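Okay, structure first, notes after.
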2 protein chains.
Amino acid sequence: MGASVEAMGVSDMVMGENEGPRRIALTPAARRALEAAGRLFYERGIHAVGVDLIAAEAGVTKKTLYDRFGSKEQIVVEYLADRDERWRAFLAERLDVPDRELPARERVLAVFDASRAWALEHSSKGCSMVNAHAEISDPAHPAYPVIAGQKQWMLGLFTGLGAEIAPDRAEHLGRTLMLLHEGALVAHGLGIFDDPIGHAREEARALVSTGGV
Amino acid sequence: MGASVEAMGVSDMVMGENEGPRRIALTPAARRALEAAGRLFYERGIHAVGVDLIAAEAGVTKKTLYDRFGSKEQIVVEYLADRDERWRAFLAERLDVPDRELPARERVLAVFDASRAWALEHSSKGCSMVNAHAEISDPAHPAYPVIAGQKQWMLGLFTGLGAEIAPDRAEHLGRTLMLLHEGALVAHGLGIFDDPIGHAREEARALVSTGGV
DNA sequence: ACTCCACTATACAGATCGGTATACCTTGGG
DNA sequence: CCCAAGGTATACCGATCTGTATAGTGGAGT
């Protein structure tokens, strides 16, 4: 594992990954509801947001909400799966540059650059997966695989890049990059200091230029 | 800042820091309530736990809860302040070794060792401050300074240690250690891979042995 | 003896929670 | 022409939410 990722573009990995949940047809009203739910869940927390509020903000009746999604739990799942999907697409745009294969070292930096850009416009309160995990206690919750899957995917991404940089230490390097990245997201969300993702990027640069030793 | 921390023992810094909230006299019933609230808040999330449940778990009436704490909001504040206090004491025991001044490099490692030990017995779901932050949207919430204060204190600790190791790069080194540490706590909470805090410790060791360059 | 104080027990208020039911409107494709 | 699908509007359900009110108990200090 990890090595299998090696030569793939990110967009290849986006496909076929979400075998789990997310089968709901997004009618216009459902799309509006999901947009509102996503915004509210992320900014106020999942338990703090009721379905009445989601319906009101989306300009949709509760009936429609339940016709489309069936339950609040499912709205949560769709929210996380949708956000994950958007993030992966956002990242793919910046990693799979057309007509030019970026070397692995630059792709590592590109991940951090993408995170910084994403954080600035979509993610001022930190990682939605981490935040959702804080509110979900039951491991049997259908959102669990989405959360765990996202983190495993990111770890696989870093490990795959690590394999191109220092094959004998791919796993070690991948994990270190993962820690720096997660730490930077948290630090950004809590405003611990200025531009933590940029700081992590520079540490990552030092790591990959020495081969992760 | 950062340099002022230099020669202090951690226990010195614990004192006089919490000027903010936390003035409540902990009667026996209040102590039981706080213990139950802490356990429930951490494991299930703040909004998912009602005051009735706290009262029931503590073997205390709701009347007593409100006589002691005044509001659920205040229980949350006490929960976080109490946990922060316990963590700092836990850390101080491992940093301020009697009859022997640990060199800064070893104290950095001791922080990660303490975090690993703490995580194993008290913190399987990640950092309570990060998790609480995920549920609190309003920056005017009285728990905000507790959360921000804890992170700033940890950053100050790392920066102070960094100043002893590489005075000209104290801030940079402190921030890098902070990112590794936060990342490790998140990774531990989400179970991304095995023993992330141990991994972060080894990365920290490499960092402080090269002087953080 | 008297009085605080911490506490129990119970009931209730008003709001909001997730979720359901009924009835009606509109639109596009067989 | 019809009818299914997506939608609105509104009312309702039981449960739970934070918070309050009333009444009473037992012990420690003066």
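The sequence lines fix the lettering, A, B, ..., with proteins before strands; numbering per chain opens at 1. Since this is a predicted model, take the numbers as computed values, not measurements.
Residue A:Arg44 places its CZ atom among 12 or fewer non-hydrogen atoms of other residues, nucleotides or ligands, all under 6.0 Å distant. With a 6.0 Å radius and a threshold of 12 heavy atoms from other residues, nucleotides or ligands, B:Asp138 has its CG atom above the threshold.
A nucleotide of DNA chain D counts as in contact with chain A when one of its atoms lies under 4.0 Å from a heavy atom; the first and last such, 5' to 3', are D:dG6 to D:dA9.
Looking at A:Gln152, its side chain does come within 3.5 Å of a backbone N or O of B:Ile192 through a donor-acceptor pair.
Counting only N and O atoms by type, the side chains of A:His133 and A:Tyr144 include a donor and acceptor under 3.5 Å apart. Side-chain atoms of A:Arg83 and A:Ser128 form a donor-acceptor pair, as typed in the model, at a separation below 3.5 Å. Looking at B:Glu135 and B:His141, their side chains never bring a donor and an acceptor atom within 3.5 Å of each other.
Rounded to whole Å, the distance from NZ on A:Lys72 to P on C:dG19 is 8 Å. One interatomic measurement links the two molecules: CG of B:Leu65 to P of C:dA9, which rounds to 14 Å at whole-angstrom precision.
Base engagement by B:Thr64 is indicated by at least one non-hydrogen atom pair under 4.0 Å involving a base atom.
Of the two residues contacting DNA chain C, namely A:Ile46 and A:Lys63, the nearest-nucleotide position lying further toward the 5' end is that of A:Ile46.
Between A:Arg107 and A:Glu164 a salt bridge is recorded (basic side-chain N to carboxylate O distance below 4.0 Å).
A heavy atom lying under 4.0 Å from DNA chain D marks the following residues of residues 47-62 of chain A, by number: A:Gly59, A:Val60, A:Thr61.
When the side-chain nitrogen and oxygen atoms of A:Ser71 are compared with OP1 and OP2 of C:dG18, none of them lie within a distance under 4.0 Å.
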* **Derivation and outcome, side-chain contact (heavy atoms from CB on, under 4.5 Å), residues B:Gln150 and B:Trp87** => CA-CA 10 Å; B:Gln150 207 260 354; B:Trp87 156 245; 3.3 Å; yes
